[in-house]
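Quick notes on the structure that follows.
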There are 2 protein chains.
Amino acid sequence: MIWNKKIECASREEIKELQLVKLQKTIKNVFDNVPYYSKKYTEYEIYPEDIETLKDIEKLPFTTKDDLRESYPFGMFAVDRKKIIEVHSSSGTTGKPVVSGYTSKDIENWGEVIARGLTMMGADDEDIIQNTHGYGLFTGGFGVHYGSHKIGATIIPISTGQSRRQIEIMKDFGTSIMIFTPSYGMYLAELAEEENVDFNNLNLKAIGFGAEIWTDEMRKSIEKRFKAPAYNIYGLTELMGPGVAVECKIQEGLHLQEDFFYPEIIDSESGNTLNEGTEGELVLTNLEREGMPLIRFRTKDITTISYAECECGRNTARIERITGRSDDMIKVKGVAVFPSQIEKALLKIDNIEPHYQIIVTRPHLMDEIEVKVEASQNLFSDDVKEMINIKQKIEDYIFNEIGLRVKVSLVSPKSIPRSEGKAVRVIDKRNLH
Amino acid sequence: MIWNKKIECASREEIKELQLVKLQKTIKNVFDNVPYYSKKYTEYEIYPEDIETLKDIEKLPFTTKDDLRESYPFGMFAVDRKKIIEVHSSSGTTGKPVVSGYTSKDIENWGEVIARGLTMMGADDEDIIQNTHGYGLFTGGFGVHYGSHKIGATIIPISTGQSRRQIEIMKDFGTSIMIFTPSYGMYLAELAEEENVDFNNLNLKAIGFGAEIWTDEMRKSIEKRFKAPAYNIYGLTELMGPGVAVECKIQEGLHLQEDFFYPEIIDSESGNTLNEGTEGELVLTNLEREGMPLIRFRTKDITTISYAECECGRNTARIERITGRSDDMIKVKGVAVFPSQIEKALLKIDNIEPHYQIIVTRPHLMDEIEVKVEASQNLFSDDVKEMINIKQKIEDYIFNEIGLRVKVSLVSPKSIPRSEGKAVRVIDKRNLH
């Protein structure tokens with residue numbers, strides 16, 4: 001089923017026409033109502049009437065997370081605060097928190113994009129959705145919640161934690177769709193194994209993943225454990241929350257909701273717009289947001305975009321699974337390394353678990369990477385020679401992936417701390433800041 | 001302002017007429033659609049057509065938490081599970097969890113009752129509501145959330161925890177209404193004091209309290225600390241969640257939403273219905289719930305009911321602040337003791353903090369109560385004689401309240417564990433079960 005055929009299956013021409021009208025309206029709106037934009041655009045000598053084609057968006061300056069921080073808390077709102085009915089916020093662990101405000105219409109639209117996404121995953125009003133995303137200032141829990149209400153599924157707003165109870169509820173309530181971060185999913189899978197849960201006897205038919213970068217190999221590993229297909233959900237607090245793009249059953253990229261978000265791919269260094277199919281940083285513009293429309297927001301997420309028609313019947317643009325972020329990318333010996341590359345290498349090897357930690361140090365003016373990897377219980381009980389072989393193999397695979405020699409340490413099963421939210425993959429001890 | 005004048009200011013006759021129509025419909029509905037009720041009513045030989053007046057409800061047997069546990073998880077639903085869009089559940093720490101299912105209409109009604117309650121507290125679309133109630137299977141967070149959306153206020157769904165950030169957000173966002181449990185409120189007040197926050201400089205205009213039993217003295221203490229009036233919110237997961245009854249500005253009892261809940265006060269032992277003004281156990285019947293209508297549900301909460309008109313202009317029945325529960329009541333030496341009685345005594349005395357713990361033991365076939373109470377920093381630095389005097393005074397005050405001699409121990413400031421949710425007031429070591 002397709003939730004909103006009119007939009008999701010519209011022709012490219014229709015989509016572009018719609019986008020242009022919405023873009024012009026949005027630029028006029030922020031110019032008139034948000035001092036940050038009017039000041040900046042006046043400075044750049046760009047005015048709403050200069051936006052005559054979609055391509056003209058490239059004349060506009062980018063908006064960054066820092067701009068949002070400087071306007072903390074409510075400086076980016078385009079409407080009277082009274083019209084804002086809900087506020088979310090990032091955790092602010094890396095500086096001033098970023099605030100996101102929603103009008104009643106924005107909350108409705110948030111439900112709409114998630115409704116489309118859940119439908120892509122095969123969900124309908126028969127489904128029982130167990131939402132392990134945290135509710136709170138974090139947008140994860142609420143997005144899925146509003147979308148589930150919209151399609152009339154049964155939502156279990158269990159939120160993160162209470163992990164043994166999560167498994168009990170999957171069994172007792174007959175959960176048909178699980179929503180989790182990949183790392184929390186892995187954690188639940190381990191608990192389920194300990195308790196000898198056989199997923200063949202459960203009712204699970206799909207998994208929705210979000211809020212973390214993951215590899216296709218991780219997907220396969222999760223699908224194998226949970227015996228259900230897993231679909232990628234992409235989003236970010238600044239633009240709306242989860243639902244910006246979601247994967248369909250074809251699992252070849254995430255359909256972006258182009259009537260709400262206008263996407264560009266840019267070169268992170270030069271800021272130049274890149275062509276379809278070229279990897280770069282995703283830049284998004286809100287096309288219909290009332291509370292806090294962002295223009296050319298630099299997501300820092302690295303991906304590519306495709307406008308090709310999808311086998312599922314939807315015509316909306318698709319972005320590739322995010323393969324890294326332009327900021328949590330680690331530069332080691334001048335080489336850009338993404339944790340996802342390391343993960344990809346690890347998942348090719350048997351007898352190790354996809355639990356790892358990357359530790360970057362600079363002992364003698366030179367960067368060094370150590371990758372701690374959990375050996376399986378089998379391997380760990382085995383003889384030392386086998387372990388040395390595997391260690392060597394992992395080092396080779398990682399070299400193949402990132403072009404750098406790293407030191408691999410095999411650690412005992414479950415010795416790397418589990419996260420109930422986002423996993424801490426990289427520990428940078430170089431003190432570069 | 002009054003949110004729904006038509007209902008809230010209706011005459012007693014109009015309310016009773018409406019209730020009878022809804023009650024008859026509900027009884028027919030559960031008889032036809034919930035096997036638990038049809039079986040039980042057939043057994044008691046009572047049929048929907050026997051309910052000719054409101055008084056006839058007394059012919060029907062009670063529903064208890066145990067009945068709900070036996071039908072775990074979905075046995076009490078009156079509609080096809082497909083129509084249920086949200087499920088909440090108690091924690092299940094004292095047995096099988098109790099599940100509560102909501103249809104789309106039920107969620108709307110939940111928003112309506114909280115909208116009425118928030119309006120009673122003086123909230124409108126100008127307000128910023130900081131909701132520290134937890135979101136998840138617990139109903140606290142969501143009830144307030146839906147109600148806030150309904151009145152168009154700005155909700156900050158921060159949930160419990162992140163306590164220092166709570167205070168930062170109160171300051172930065174200009175929170176005008178705080179929602180917390182009394183014990184979490186006390187905890188936040190302490191943090192705010194540590195950080196020298198002056199509530200006179202903040203924007204706070206009201207506090208909504210819920211989910212815990214508290215005394216009027218505790219209210220006064222909180223109002224003094226936060227420099228804002230505090231209003232009681234009552235509710236329970238089984239019936240809907242918070243919002244069943246809320247206090248108006250007059251602060252003389254909580255207005256019960258009589259078009260959604262039919263109240264009775266019964267004698268806990270005999271089950272007989274008691275008159276207006278007589279203290280007993282509150283029994284509630286859902287009058288408009290689709291998902292899981294409960295008939296004569298024994299809340300175990302002890303209160304009285306009044307049908308007198310309220311100065312605020314509303315005519316809906318009012319229940320007294322809950323003074324105890326028929327089940328967490330401690331029976332000591334044959335005497336019923338409620339933690340709230342102990343708290344009431346403590347709050348009359350200077351130089352002690354309203355943080356306490358009641359420990360019940362049975363060392364030699366006889367019950368003994370020890371009450372641990374925190375002394376203030378002042379008192380603790382004082383001479384011993386003063387402490388002995390205060391200790392004696394507390395013991396006298398408690399004796400005056402409960403008619404039993406207890407042993408009081410003064411402990412150092414902040415030595416009793418703080419709770420971020422519901423406080424653990426009673427530790428019963430008698431092993432009576």
Side-chain angles (χ1 to χ4, degrees), chain A residues 72-74 77 80-89 91-92 96-97 99 101-104 107-108 124-139 141-142 145-146 148-162 165-166 168-169 171-175 291, chain B residues 72-74 77 80-89 91-92 96-97 99 101-104 107-108 124-139 141-142 145-146 148-162 165-166 168-169 171-175 291:
Chain A
Y72 172 86
F74 299 155
F77 290 178
D80 185 357
R81 206 272 305 146
K82 192 176 158 171
K83 277 201 74 184
I84 300 288
I85 67 156
E86 189 165 327
V87 167
H88 285 272
S89 167
S91 61
K96 270 264 176 227
V99 168
Y102 303 75
T103 64
S104 179
I107 294 286
E108 214 182 296
D124 60 29
D125 59 357
E126 300 268 4
D127 281 297
I128 299 184
I129 301 179
Q130 187 167 336
N131 186 9
T132 82
H133 281 338
Y135 288 77
L137 292 182
F138 170 60
T139 51
F142 284 98
H145 196 83
Y146 296 138
S148 173
H149 274 191
K150 196 126 191 163
I151 66 169
T154 305
I155 186 100
I156 307 169
I158 188 163
S159 150
T160 315
Q162 298 184 281
R165 189 147 180 234
Q166 299 268 10
E168 224 174 81
I169 281 185
K171 291 193 279 191
D172 293 348
F173 290 15
T175 301
Chain B
Y72 173 87
F74 298 155
F77 291 178
D80 185 356
R81 206 271 308 145
K82 191 176 160 173
K83 277 202 74 184
I84 298 289
I85 67 156
E86 187 165 330
V87 167
H88 286 272
S89 166
S91 62
K96 269 264 176 226
V99 168
Y102 302 75
T103 65
S104 182
I107 294 286
E108 215 182 297
D124 60 28
D125 59 358
E126 300 269 4
D127 281 296
I128 299 184
I129 302 178
Q130 186 167 334
N131 186 10
T132 80
H133 281 338
Y135 288 76
L137 292 183
F138 170 59
T139 51
F142 284 98
H145 196 84
Y146 295 138
S148 173
H149 274 192
K150 195 127 193 163
I151 66 170
T154 305
I155 186 105
I156 308 169
I158 189 165
S159 154
T160 314
Q162 297 185 282
R165 193 153 176 230
Q166 299 268 11
E168 223 174 85
I169 282 185
K171 290 193 280 192
D172 294 348
F173 290 15
T175 301

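Because the structure is predicted, anything quoted here is derived from the model rather than measured. Computed from heavy atoms alone, side chains included, the values below leave out hydrogens, waters and symmetry copies. In the text below, chain A, chain B and the rest are named by the order of the sequence lines, each starting its count at 1.
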With sequence neighbours excluded, tell me which residues meet side chain to side chain contact (heavy atoms under 4.5 Å, CB included) with A/I85. A/S104, A/I107, B/H149
Side chain, backbone, both or neither: which part of B/D80 has an atom under 4.5 Å from a heavy atom of chain A? neither
Taking the six-membered ring for Trp, are A/H145 and B/Y135 closer than 6.0 Å centroid to centroid? no
OG (B/S89) and CD1 (A/I169) are apart, to the nearest 0.5 Å, by 5.5 Å
Taking side chain as everything from C-beta outward and backbone as N, CA, C, O, which of these in A/F142 sits under 4.5 Å from a heavy atom of chain B? Side chain, backbone, both or neither. side chain
Specify which of B/D127, B/I158, B/I156 makes the most heavy-atom pairs with chain A at under 4.5 Å. B/I158
Could you list the residues that satisfy side chain to side chain contact (heavy atoms under 4.5 Å, CB included) with A/T154, not counting sequence neighbours? A/I128, B/R81, B/I84, B/V87
Chain A heavy atoms under 4.5 Å from B/F74: which part of the residue, side chain, backbone, both or neither? side chain
How far does CD1 of B/I155 sit from CD of A/E86, to the nearest 0.5 angstrom? 7.5 Å
With chain B, the option among A/A153, A/G174, A/S159 that has the most non-hydrogen atom pairs under 4.5 Å is A/A153
Region of A/N131 that comes under 4.5 Å of a non-hydrogen atom in chain B: neither
Is there a side-chain contact between A/P97 and B/R165, using heavy atoms and a 4.5 Å cut-off? yes
With only heavy atoms counted, which part of B/I129 is less than 4.5 Å from chain A, the side chain, the backbone, both or neither? neither
